[in-house]
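Quick note on labels: first sequence line is chain A, next is B, and so on, each numbered from 1. The model shown is predicted, which means the values in this text are computed figures rather than measured ones.
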Protein chains: 2
Amino acid sequence: MVTLAEVAQHAGVSASTVSYVLSGKRSISAGTRERVERSIRALGYHPNAGARALASNRSNIIALMIPLRTDMYVPVMMEIATAVATTARTHGYDILLLTGEEGPDAVRRVTGSGLADAMILMDVELDDERLPLLRATEQPSVLIGLPADTAGVTCVDLDWSATGALCVEHLAELGHRDVAVIGEAPAVYERHTGFAERTLDGLRSRARELGLKVLHRPWEGGYDAMAVTLSRIFDERPRTTGFVVQNESAVEPLLAVLRRQGRAVPEDVSVVAVCPEQVAVQASVRLTSVAVPAQELGRHAVELLVGKLDGRETDGAVLIAPELTVRASSGPAPTAP
Amino acid sequence: MVTLAEVAQHAGVSASTVSYVLSGKRSISAGTRERVERSIRALGYHPNAGARALASNRSNIIALMIPLRTDMYVPVMMEIATAVATTARTHGYDILLLTGEEGPDAVRRVTGSGLADAMILMDVELDDERLPLLRATEQPSVLIGLPADTAGVTCVDLDWSATGALCVEHLAELGHRDVAVIGEAPAVYERHTGFAERTLDGLRSRARELGLKVLHRPWEGGYDAMAVTLSRIFDERPRTTGFVVQNESAVEPLLAVLRRQGRAVPEDVSVVAVCPEQVAVQASVRLTSVAVPAQELGRHAVELLVGKLDGRETDGAVLIAPELTVRASSGPAPTAP
DNA sequence: GTGAAAGCGCTAACAA
DNA sequence: TTGTTAGCGCTTTCAC
């Protein structure tokens, strides 16, 4: 293993000079820098991470806590994770992967051991048990997701409330008056992850302003359940012509059942989805949708974190504005026969 | 920050004693151990990762390289990654997440800096450019996936060839004689990731033994493309009654088009899928399938790696035997009318 | 069974 | 612009 001392010797300079060439923390004459860099390449030198961490009190590692639960939104989580990893690399950081499993203990372990300089937490719950720890530690952190109380923490999230509003606005502009929302499984609402409620709230209040009627139904899974759900919706509100779906796995069942019932999309009913871009594009009808900006969330989280690590203060919540892409699943409301 | 020295002072012992209590590398009297452990808890001590890495030349970190490409098999990758992370934790290791992006450079960086003690590589190509580096370094590594040349490397993978064979055997037992394979996109075959070809090879040679006829068609995506593909298949082999699908995203299009054509599953045609369990269960028809044993692959990889780190020699390839689960999509071949 | 002390490879004062 | 040097917190020999 090549050490800094060996590089110094090879280049005929002192160890600190090599260190400063590497860090750029003081000016080095062109000649010296040149020689040192040559030696570094010649010997194939890589600074030892442990020694560096010990001496500088910085590991250049960011911990990323992702939920263990792999049953929901997996591709989105993955996209966020890779965006986090690549963005982190551009700032010289590596990513330590923590699964939710360890829970608050992982936070303690990482902050206590100096394994990572900072952390990013995904899958934040409204009343997340990791928050007190984060508030208590020096360690900078950024949440992807919005807890109920954002005091003393930095968050990034899609503006779910605006997302709900945007969906209903789109339907309103097309002349739809009766809207049904196919939501997540009841468990999601109970778990208080927040995003589902927020979407619904934003949607409902905008609908009220626009004079639309809204019916919300969670959905548990299964084609049969979807058939039942739809029947109930049309029984209760026969003039329903607009659907908002916030549940990736509900997309195909919904389209299939509508088709089976002889309701054409978008001629008879319009569907707006809140789902990953890929799902919207690959569905049997290309869906008008609001996508979760996974890349942007990941990138943003890292940049806020790097800002904090560099001493910039950035508490508070950053909400990303939703964007609705019109595709083939929404159109003008049918004129009453 | 609490240091080992502070713990030693608090407990009235020397630093080395505390260290040995922690590592268990020499016997400690019950009383001393007790006092030290009490002090550790009282002060909330966590060993400093950097110092430990520097002194012991071990970071207790395993690097995991996952593909950046998030367009395929994402949930499976994620499941492997979390299995790797949780298994690693049980052995005292953390996971450093590397995206494929950096390619071979990442390997150099990690091995050179001592950031990680070992690495796990996913998405291995037949002629992977990272292999020469792995063979050249001391650093233990395990591949998830099988390259063309497995000399000097350790691999874990599903036995894809046996998987293909298993699918066709199942159909043969049910009396099907003409089988069509809906495969991955052509790009997948061109990229030489191996698994697709291997599945096909296994399937074909078993089919030959059993006297079945096989038609293979890659599939690019889209419902229309599927309709075209199926028409061609039935034109060429009107008596096709068995389908093997190796492409998660082809599952619903296939089922939808079959339905539209009035072919009932499993009465008229049987479908066997090679796909994640979740897809098989949630499809509009519960699919008879062979699942990628993601958990097992991840767990296995870590255990092989830990074995190597502990000095056990374990080169070569470990192939996991496929398991076929019979569900609602396969049944006896229809008797000719 | 326990302690003293010498590094591990690097960073960052301090000095020139 | 460069060198000297004192640690960073831990592990591990060597000594008792």
**Asked** Side-chain contact, heavy-atom cut-off 4.5 Å: Leu98(A) with Met119(A)?
**Response** yes
**Asked** Is any side-chain heavy atom of Leu305(B) closer than 4.5 Å to a side-chain heavy atom of Asp117(B)?
**Response** no
**Asked** Roughly how many Å is it from CG in Asn57(B) to P in dG7(C), rounded to a whole number?
**Response** 16 Å
**Request:** Grab the CZ-C1' distance between Arg52(A) and dA12(C) for me, whole Å please.
**Result:** 13 Å
**Request:** Could you check if a side-chain atom of Tyr45(A) sits within less than 4.5 angstrom of a side-chain atom of Leu22(A), using non-hydrogen atoms only?
**Result:** yes
**Asked** Which pairs count as salt bridge (charged side-chain N to carboxylate O under 4.0 Å, His left out) when at least one residue sits in residues 81-99 of chain B, sequence neighbours excluded?
**Response** Glu102(A)-Arg89(B), Arg109(A)-Asp94(B), Arg89(B)-Asp94(B)
**Message:** Considering every strand and a 4.0 Å limit on heavy-atom distances, what is the contact class for Thr3(A): base, sugar-phosphate, or nothing?
**Reply:** sugar-phosphate
**Request:** Tell me, please, the opening and closing nucleotides of DNA chain D, 5' to 3', among those with an atom under 4.0 angstrom from a non-hydrogen atom of chain B.
**Result:** dG9(D) to dC14(D)
**Asked** Sequence neighbours excluded, which residues qualify as salt bridge (charged side-chain N to carboxylate O under 4.0 Å, His left out) partners of Arg41(B)?
**Response** none
**Prompt:** Separation of Leu54(A) atom CG from dC10(C) atom P, in whole Å?
**Reply:** 12 Å
**Request:** Can you measure from CE (Met1(B)) to OG (Ser113(A)) and round to the nearest 0.5 angstrom?
**Result:** 8.0 Å
**Prompt:** Between Thr32(B) and dT2(C), does any side-chain N or O lie under 4.0 Å from OP1 or OP2?
**Reply:** yes
**Request:** Measure the distance from CE on Met1(A) to P on dC8(C) and round it to the nearest whole Å.
**Result:** 11 Å
**Request:** Can you measure from CG (Leu304(B)) to SG (Cys155(B)) and round to the nearest 0.5 angstrom?
**Result:** 9.5 Å
**Positions of residues 17-26 of chain A (non-hydrogen atom under 4.0 Å from DNA chain C), listed by number** = Ser19(A), Tyr20(A), Lys25(A), Arg26(A)
**Asked** Does any pair with a residue in residues 136-157 of chain B pass salt bridge (charged side-chain N to carboxylate O under 4.0 Å, His left out), and if so which ones, sequence neighbours excluded?
**Response** Arg135(B)-Asp149(B)
**Request:** Go through the steps to decide whether Ile66(A) and Ile80(A) satisfy the test side chain to side chain contact (heavy atoms under 4.5 Å, CB included), and finish with yes or no.
**Result:** CA-CA 10 Å; Ile66(A) 69 173; Ile80(A) 294 179; over 6 Å; no
**Message:** Between Ser56(A) and Arg52(A) (side chain of the first, backbone of the second, donor and acceptor by atom type, cut-off under 3.5 Å), is there such a pair?
**Reply:** yes
**Request:** To the nearest 0.5 angstrom, please state how far the CD atom of Glu296(A) sits from the CD atom of Glu303(A).
**Result:** 10.0 Å
**Complete:** In numerical order, the residues of residues 40-50 of chain B whose heavy atoms come under 4.0 Å of DNA chain D are Tyr45(B), Pro47(B), Asn48(B)
**Message:** In whole Å, I'd like the distance from the CD atom of Gln9(B) to the P atom of dA4(C).
**Reply:** 12 Å
